[in-house]
Chemist: 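Starting off with a structure, shown below.
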Amino acid sequence: MIKVEGEPPSPGQAAAIAAGVTAMNLDLDEVLVVYTDDFDGAIRKLTGWATYESDRGTGTVAGKTVLVGEVPAVVLNSQAIGNADPPLLERLAAHESGHVLLQQRNEHFEGLAYASNSDWERTLTAMAAYKIEEYRIEKSLRARGYPAAGSSESDHIAFVLHWTTVDLLNLLIDPASDDVMHLYRGVMGLADRLTTVLAYTAAFDLEGDQAARLESEGTAAVEGWREYVEPSWSQRVHLYQQVPSVDDPLAGSDLLAHVMAGAEVERALVESMGFVFSNGSSSWNFDRQISDEALYARHTRAVAQEELYETQQPSPED
């Protein structure tokens, strides 16, 4: 059923949401869909996550699937999608319904019997698990004939690569980063944002030449890809090639093996960003390994990308 909090969807929009749910072989009567104009508030109320905020730094979150007890609920943000065309709403509902399927089968991070010795290992494991979920769902949507998500378009990939550089540089000069935990959380947040885009991209173009696709977005975008992503891209491709879509159940032991392999891929990406992890006898370490010279090169690249964006802005006379 669709529970409305605030302005309701139009009949065409409601029908599109229902179509997205049923496209994933789910019955709308068995799935709680909350269409709300207070997205963060609805998530907090359903889950008890008192401090939840949806801002991820790359745009407004359109939807999220959460567990209410043991029952999945799809929460849709009407503030973000209220004017969306029905095909976009159907795709969004289908994607979120993929999360419902994984939660019903306990094929999600919270259902894994994983072991970790430190915070960084748990964080990488979670990052890998969530990205595998996104990849499996998007792979299933591709098989159903849905178009690729906008976040996998070349201009968006270039945008995220650019802001990975800008935000990382700002993080490093932030006095708060004298606290290693502040620096660590900031870097991991940037890696999480980037790897989400990579999961969406891989589902629709796993074996394509991504650097070549980015040439139209400028040299800086290509350099960003080659520095951050390309060193571990072949590992990511190899991993994702072994992962089935959400339509095919995955045994817990097999899922865990994929996730642990994925954690190593995400670790390699963070190392490409310039940071390394290590465990000591009584604590763990998070160290910067990138040189000042390399950081200056990143700054030069960020400036060049900003200048390119400025040239692409329409003039006041246009």
Side-chain angles (χ1 to χ4, degrees), residues 1-3 17-34 42-43 46-49 52 61-76 89-116 121-146 148-149 192 195-196 198-200 202-204 206 236 238-266:
M1 67 173 182
I2 301 178
K3 178 182 178 182
I17 293 169
V21 174
T22 56
M24 300 302 286
N25 301 319
L26 290 169
D27 189 333
L28 185 61
D29 291 335
E30 299 175 355
V31 178
L32 173 60
V33 178
V34 181
I43 296 289
L46 287 167
T47 64
W49 302 338
Y52 175 81
V61 177
K64 185 174 179 65
T65 300
V66 298
L67 279 172
V68 183
E70 296 182 358
V71 179
V74 174
V75 185
L76 301 179
L89 285 180
E90 180 181 335
R91 190 195 192 287
L92 173 62
H95 179 95
E96 295 303 325
S97 296
H99 286 291
V100 172
L101 285 171
L102 291 175
Q103 291 179 349
Q104 288 179 339
R105 299 200 305 249
N106 209 31
E107 295 176 27
H108 56 101
F109 175 63
E110 289 80 3
L112 286 175
Y114 66 93
S116 62
E121 290 170 317
R122 173 183 168 82
T123 300
L124 289 175
T125 302
M127 189 183 301
Y130 290 132
K131 301 315 172 277
I132 286 173
E133 287 183 28
E134 299 295 343
Y135 172 78
R136 295 182 70 191
I137 294 167
E138 287 295 303
K139 185 176 182 179
S140 182
L141 264 59
R142 179 185 180 184
R144 284 167 168 75
Y146 287 102
D192 182 68
T195 53
T196 298
L198 298 182
Y200 274 73
F204 278 79
L206 186 59
R236 190 177 302 275
H238 178 70
L239 169 65
Y240 287 167
Q241 284 174 331
Q242 302 174 63
V243 176
S245 77
V246 73
D247 297 304
D248 298 314
L250 194 57
S253 58
D254 293 334
L255 176 59
L256 182 59
H258 291 319
V259 167
M260 298 313 294
E264 289 303 311
V265 175
E266 309 308 1

Chemist: Taking only residues two or more places apart in sequence, or in another chain, which ones meet Arg142 in a salt bridge (Lys or Arg N to Asp or Glu O under 4.0 Å)?
Modeler: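 Listed in chain order: nothing, the list is empty.
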Chemist: Are Met260 and Thr125 close enough that some pair of their side-chain heavy atoms sits under 4.5 Å apart?
Modeler: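 Side chain of Met260 against side chain of Thr125, heavy atoms only: contact under 4.5 Å found.
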Chemist: Please name the pair of heavy atoms, one in Ala73 and one in Val68, separated by the smallest distance, quoted to 0.1 Å.
Modeler: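 Result for this residue pair: CB-CG2, 3.9 Å.
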Chemist: Name all residues meeting the side chain to side chain donor-acceptor pair (under 3.5 Å) criterion together with Thr65; count only those two or more places apart in sequence or in a different chain, and write none if there are none.
Modeler: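 Per chain and number, Thr65 pairs via side chain to side chain donor-acceptor pair (under 3.5 Å) with Glu96.
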Chemist: Aromatic rings His99 and His95: how do their planes relate, parallel, tilted or perpendicular, breaks at 30° and 60°?
Modeler: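 Perpendicular: the ring planes of His99 and His95 meet at over 60°.
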Chemist: Counting only heavy atoms from other residues, nucleotides and ligands, does the tally under 6.0 Å from CD of Glu70 exceed 12?
Modeler: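 Open.
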Chemist: Picking from Glu138, His108, Gln103, what satisfies side chain to side chain contact (heavy atoms under 4.5 Å, CB included) with Glu133?
Modeler: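 Answer to the side chain to side chain contact (heavy atoms under 4.5 Å, CB included) test with Glu133 among Glu138, His108, Gln103: His108.
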Chemist: Is the closest side-chain heavy-atom distance between Val71 and Leu32 below 4.5 Å?
Modeler: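 Val71 does not reach Leu32 side chain to side chain.
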Chemist: Output all residues satisfying side chain to side chain donor-acceptor pair (under 3.5 Å) with Glu90, sequence neighbours left out; order by chain, then residue number.
Modeler: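 For Glu90, the residues satisfying side chain to side chain donor-acceptor pair (under 3.5 Å) (neighbours in sequence not counted) are Tyr146.
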Chemist: Can you list everything that forms a salt bridge (Lys or Arg N to Asp or Glu O under 4.0 Å) with Glu266? Sequence neighbours excluded, please.
Modeler: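 By the salt bridge (Lys or Arg N to Asp or Glu O under 4.0 Å) rule, Glu266 matches Arg236.
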Chemist: If only atom types and distance count, is the side chain of Lys139 paired as donor or acceptor with the main-chain N or O of Val243 below 3.5 Å?
Modeler: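 Flag set: sc Lys139 to bb Val243 pair under 3.5 Å.
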Chemist: In the structure I gave you, are the side-chain heavy atoms of Leu102 and Ile137 within less than 4.5 Å of one another anywhere?
Modeler: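 When only atoms from C-beta onward are counted, Ile137 and Leu102 do touch, with a gap below 4.5 Å.
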Chemist: Partners of Asp254 by salt bridge (Lys or Arg N to Asp or Glu O under 4.0 Å), sequence neighbours excluded?
Modeler: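 Counting only residues at least two positions away or on another chain, Asp254 forms no salt bridge (Lys or Arg N to Asp or Glu O under 4.0 Å).
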Chemist: With rounding to the nearest 0.5 Å, note down the distance linking CG in Leu76 to CD1 in Ile17.
Modeler: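 These two atoms lie 5.5 Å from each other.
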Chemist: Return all side-chain donor-acceptor pairs below 3.5 angstrom for residues 18-31, not counting sequence neighbours, or 'none' if the list is empty.
Modeler:
| unit_1 | atom_1 | unit_2 | atom_2 | d |
| --- | --- | --- | --- | --- |
| Thr22 | OG1 | Ala18 | O | 3.1 |
| Thr22 | OG1 | Ala19 | O | 3.1 |
| Asp27 | OD1 | Asp29 | N | 2.9 |

Chemist: Distance check, rounded to the nearest 0.5 Å: Thr196 atom OG1 versus Tyr135 atom OH?
Modeler: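 Going from OG1 on Thr196 over to OH on Tyr135, the span is 15.5 Å.
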Chemist: Between the side chain of Ser140 and the main-chain N/O of Arg136, is any donor-acceptor distance below 3.5 Å?
Modeler: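 A pair under 3.5 Å: no.
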Chemist: Counting C-beta onward and ignoring hydrogens, is there a side-chain heavy-atom pair between Glu134 and Thr195 closer than 4.5 Å?
Modeler: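 They are not in contact (no side-chain heavy atoms under 4.5 Å apart), so the answer is no.
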Chemist: Can you name the closest pair of heavy atoms from Asp247 and Pro249 and give their distance?
Modeler: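 Shortest heavy-atom separation between Asp247 and Pro249 comes out as O-CD, 3.6 Å.
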Chemist: One pair to check against side-chain contact (heavy atoms from CB on, under 4.5 Å): Thr123 and Asp192. What are the steps and the verdict?
Modeler: CA-CA 10 Å; Thr123 300; Asp192 182 68; over 6 Å; no
Chemist: Look at the side chain of Glu107 and the backbone N and O of Leu250, then say whether any donor-acceptor pair between them is shorter than 3.5 Å.
Modeler: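 Answer holds: yes.
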Chemist: Do Thr47 and Tyr52 have side chains that get closer than 4.5 Å, going by heavy atoms?
Modeler: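 SC-SC contact between Thr47 and Tyr52 ruled out.
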Chemist: Would you check, one step at a time, whether the test side-chain contact (heavy atoms from CB on, under 4.5 Å) holds for Val265 with Lys131?
Modeler: CA-CA 11 Å; Val265 175; Lys131 301 315 172 277; over 6 Å; no
